[in-house]
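Before anything else, here's the structure in question.
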2 protein chains.
Amino acid sequence: MENEVDGLDKRKAYILATVVYEYIATGEPVGSQALTQKYNLGVSSATVRNEMADLEAGGYLEQPHTSAGRVPSDAGYRTYVDALMSPEELGADERRRIRDEMRDARAQLDEIVEQSSRLLGRLAGNLAFVTKPQSETQSFRYAQLIWIGERSGIAIIVTSFGVASQSLFELRNDVTPDDLTRLSNALNATFAGRLLRDCDDRSLAAVTKQCGFGDDMVGAVRTAFTGARTQEQPGIAASGAQHLLDQPEFRDVRKLRSILRILEEQRTLYDLVADAFDSPAASVKIGHELGSEELADLSLVTVPYRFGERAVGMLSILGPRRMPYARLLALASGTAETLSERLHDVEVR
Amino acid sequence: MENEVDGLDKRKAYILATVVYEYIATGEPVGSQALTQKYNLGVSSATVRNEMADLEAGGYLEQPHTSAGRVPSDAGYRTYVDALMSPEELGADERRRIRDEMRDARAQLDEIVEQSSRLLGRLAGNLAFVTKPQSETQSFRYAQLIWIGERSGIAIIVTSFGVASQSLFELRNDVTPDDLTRLSNALNATFAGRLLRDCDDRSLAAVTKQCGFGDDMVGAVRTAFTGARTQEQPGIAASGAQHLLDQPEFRDVRKLRSILRILEEQRTLYDLVADAFDSPAASVKIGHELGSEELADLSLVTVPYRFGERAVGMLSILGPRRMPYARLLALASGTAETLSERLHDVEVR
DNA sequence: TCTTCGCACTCGCTTGCCCGGAGTGCTAAA
DNA sequence: TTTAGCACTCCGGGCAAGCGAGTGCGAAGA
């Protein structure tokens, strides 16, 4: 029937929403009396009690121990996020402030990514992290091979976001500076504007050989491009870990340790958001959905930022499961939007 | 007389040393009885008591509360570090392990700096951080101005450690690719091998004008060099924050917050080691010597690493005042040595 | 049939209290 | 000057009592 949400009748849904809302606000297990007193439910605490017992049986609520109030379970949060909460929008002044603060960063990729992570961490009052644009999704802009000696040089590759990566190379045959310039020009002519991932080894080899170079130079070019592709791979800017200490759920120091460890292993951090690349929209992972017992009482909000149509990176907020989901989604989206805009400032045209 | 150390007679000095040593080992305030039982002092606990009272009067020891044992004060640790402790050397196998682990990093400046910070953090069981080489102390290797259009280009500057920085420039007058190559060559011929800080604006302008360029190009070149000089300025790799959680002194969460905040503000972290650049040797800062009430019960061990004769960066360990100073100094020195060696691998010759 | 009331019960948290242990300072004797 | 003895202090752990918030359930009411 129309009145059902996720298998819950209207009243149950409303009570669940209220419990989650209240628990997010206070951090205390919420009981039936407190709920009826604070919110006008139109029924008595006893009724609420019955409903809560049902919700617990359905797996939406949990009881830390008998004679304590109820606390949302992963499923409870999930239902809340998917169906019950009302989405938030940022106010115009908030948007403006985000934009203003983002302007403080110079027009360099690293800086705007770090700035957005700092900003988001502070606004959200939680740990925020932002992945740098996957270099695979960046495009190739310029290559320059610099002559150092008869048999050595430096290859410099500039991507569309102005990220330069350089690599030294050694050759088996002599070359002249002119040779290198010729090859640079050929590479630029062929690949300019292409996505880096489309600069595959075969085409690189073809161009290099066409210019009359041997396998040693093919290897050098390949290494240079590989370096550019993978360079910033799991580059992540994180910020705001100290806010986690304010959360009562971190009075237990062991949980903190897991988080700090994860922070330092960028790999793990990256894995957390990796599958968000598959879906272009915001995603929320709750508790065990994060796939790790250590992180079981945390949640993760992830929002992509774009360059043009392509999602090139992710902004994430990691915090206690008991987080204001609607608000954080709004903040992350707002920051993502501004970050996307600023991305055009660093673009090398 | 000969038997005095820092104004303490021999026995007082020995007792102080033992108290510090024992406190570092156990973390418990140490009392006179425990001390006489565990160490063969040749005197009774009552005598030790008297001496300890003197040491407390002299400011070397403190009492958390009446009827507790004594704990070293800043001054007590200071005397211990300066005059009492016996320096440690790393064993040959430990050196080897450090060297082996450092080999895991690819020959890229960032990687070896990060690797050394991770390594040191793990070995020392504390927060370790390593500053990247001050780019001022790096030398200039190559400049390449790349032609993009009649009035715009990219300047790429490579330093001795293979760090490339790039900047876009716009001009008021048309140039040809050949013009830019000519200027690149002139810059390379003039400045190759010089320290970056010696590539001052005046000489840059002189060379640029000599090649027949106007003020717009002078500005572009200046910006490019300034970018290279300041680029990695306060770049710091930190690692091992989670170890701090093991220390009993961090049961209080507020202290952790200060540390996490400092970790994220690289500026503060950099200030901590900044004055260590003045002295070329290892330095130890204890408690209030760090100049901040927040950090009052921490200590910092800082050891420079070198490129050739020049100290170019610092390795630091930040941990509880109650840290095994001799051991950590040895570890930091060992890591610094290996880092210095590996620096030659990334040098662009 | 659903809701509400009343009531007994549960359980964690806080408070107060006691006690043991470790350490001190002081005094007097060696 | 050192040592032994002793009274005193204070922290911390353990334990019991009381409180408060909440539950579940049976019976009464709509």
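Predicted model, so just to flag it, every value in this text is computed and none were measured. Throughout, a chain's letter reflects where its sequence line sits, starting with A, and its residues are numbered from 1.
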Given C:dG23, C:dT3, D:dT23, identify the nucleotide with an atom nearest to the side chain of A:T47.
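Minimum distance to the A:T47 side chain belongs to C:dT3.
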
Taking atom types as they are modelled, is there a donor-acceptor pair under 3.5 Å from the base of C:dT10 to the side chain of A:T66?
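No pair found.
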
Go through the steps to decide whether A:L298 and A:L300 satisfy the test side-chain contact (heavy atoms from CB on, under 4.5 Å), and finish with yes or no.
CA-CA 7 Å; A:L298 297 177; A:L300 180 76; over 6 Å; no

Apply side-chain contact (heavy atoms from CB on, under 4.5 Å) to the pair A:N50 and A:D54, showing each step before the final yes or no.
CA-CA 6 Å; A:N50 289 328; A:D54 285 0; 5.8 Å; no

Whether over 12 other heavy atoms sit under 6.0 Å from B:R261 CZ:
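Atom CZ in B:R261 is crowded, with more than 12 foreign heavy atoms closer than 6.0 Å.
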
Report the relative orientation of the aromatic rings in B:Y21 and B:Y39; use parallel for angles under 30°, tilted for 30 to 60°, perpendicular for over 60°.
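It falls in the perpendicular class, over 60°.
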
Starting at the 5' end of DNA chain D and moving along, which residue's nearest nucleotide shows up first, A:E56 or B:V43?
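Nearest nucleotide further toward 5': that of B:V43.
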
Can you tell me the distance, in whole Å, between the CD1 atom of A:I15 and the P atom of D:dT23?
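Roughly 12 Å, once rounded to whole Å.
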
Side chain of B:S44 - closest among C:dG25, D:dG22, D:dA4
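It is D:dA4.
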
Minimum-distance nucleotide to A:A46 side chain [options: C:dT10, C:dG23, C:dT4]
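When the side chain of A:A46 is considered, C:dT4 is the closest of C:dT10, C:dG23, C:dT4.
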
Kindly point out which of D:dG22, D:dT23, C:dT4 is positioned nearest to the side chain of A:R70?
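The nucleotide sitting nearest to the side chain is D:dT23.
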
Rounded to whole Å, please give me the gap between CD in B:E62 and C1' in C:dG23.
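Nearest whole value for this atom pair: 17 Å.
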
Rounded interatomic separation in angstrom, taking CZ from B:R49 and P from C:dG23:
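So the two atoms are 10 Å apart, to the nearest Å.
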
Just how far, in rounded Å, is P of C:dG23 from OH of B:Y23?
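From B:Y23 OH to C:dG23 P: 14 Å.
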
So which heavy atom on A:P64 is nearest to which on A:V71, and how close?
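Where A:P64 meets A:V71 most closely, the heavy atoms are CG-CG2, 4.1 Å.
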
Taking only the side-chain heavy atoms of B:H65 (C-beta and beyond), determine which of C:dT24, D:dC10, C:dT4 contains the nearest atom.
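For B:H65, the side-chain atoms sit closest to D:dC10.
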
What is the distance, to the nearest angstrom, from the CG atom on A:N50 to the C1' atom on C:dC5?
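The distance from CG of A:N50 to C1' of C:dC5 comes to 12 Å, rounded to the nearest Å.
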
From CG of B:D54 over to P of C:dG25, roughly how many Å is that when rounded to an integer?
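So the CG-P distance, B:D54 to C:dG25, works out to 10 Å.
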
Separation of D:dT3 P from B:Q33 CD (nearest whole Å):
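Going from B:Q33 (CD) to D:dT3 (P), I get 14 Å.
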
What's the closest nucleotide to the side chain of A:R11 if the choices are C:dG25, C:dT3, D:dT23?
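Closest nucleotide among those given: C:dT3.
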
Between the base of D:dT9 and the side chain of B:S67, is there a donor and acceptor pair under 3.5 angstrom?
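Result: at least one qualifying N/O pair found.
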
Give one of base, sugar-phosphate or nothing for A:S32, where a contact means two heavy atoms less than 4.0 Å apart.
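Sugar-phosphate: the residue A:S32, judged by heavy atoms under 4.0 Å, touches backbone atoms but no base.
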
Whole-Å distance separating the CG atom of A:L35 from the P atom of C:dT4
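From A:L35 CG to C:dT4 P: 14 Å.
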
